[in-house]
Amino acid sequence: SPASYDFIVPLHMRILMVCLGNICRSPLADGLLRHLVQKNGLEWVVDSAGTANYHIGSPPDERMVATAKKHGVSLSSLKARQFTPADFTQFDRIYVMDRSNYKNVLHHAKTASERDKVHFLLDHLYPNLQKEVPDPYYGSQEGFDEVFYLVEKAVNQLLKDLSHG
Ligand code: 4NP
């Protein structure tokens, strides 16, 4: 009888996380997803960017780095860059953290297929509600911990949702 083979098809996805500065929320989402993708043996491309240019070339905020590290997630390889319209070609899905990011990213979309790539990260927890990841930048350490737990939940759900899709 003919030999049978099980082909394991790697799930290839290219995911971009976007916030304003690319030093707090989107690097966290980026680092958490990279961590999860590696743990699950997937070959996804994961990156992050900011809509603003203030922090280009900077490492993530040290408070965010410390918060992530406390939970075993390293953000140390990340460096801020600005969102560019070329990201619509390089990525399959673009996740924004808040409505301002959403508006700024959509402003650069030239086609319906580009617009369709843009999603709110928290839609994986609260579908279609356009809920926002709060910006912890001007707040306290508690704000960073809250953002960590929220983004961790959303990224875990993202992986589940896309894996069954
Ligand atoms: P992020 O937070 O968008 O989560 O990286 C911010 C970081 C810096 C600034 C604003 C938000 N800023 O105005 O410098």
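Just so you know, ligand 1 is whichever comes first in the structure, and atom 1 is the first atom listed for that ligand.
- Sequence neighbours left out, the pairs with a member in residues 140-152 that pass salt bridge (charged side-chain N to carboxylate O under 4.0 Å, His left out) are K70-D145.
- Sorted by chain and number, the residues within 4.0 Å of ligand 1 by heavy atom are C19, L20, G21, N22, I23, C24, R25, Y54, H55, D135, Y137, Y138.
- Side-chain contact of Y102 with H119: a donor-acceptor pair under 3.5 Å is absent, judged by distance alone.
- Judged by a 6.0 Å distance limit and a 45° cone about the ring axis, R63 is positioned over the six-membered ring of Y137.
- The pair D47-R34 meets the salt-bridge criterion, since a charged nitrogen lies less than 4.0 angstrom from a carboxylate oxygen.
- Ring geometry for F88 versus F83: interplanar angle over 60°, hence perpendicular rather than tilted (30 to 60°).
- Hydrophobic clustering (ILVMFWY, side-chain heavy atoms < 4.5 Å, transitive): L75 and V151 are in one cluster.
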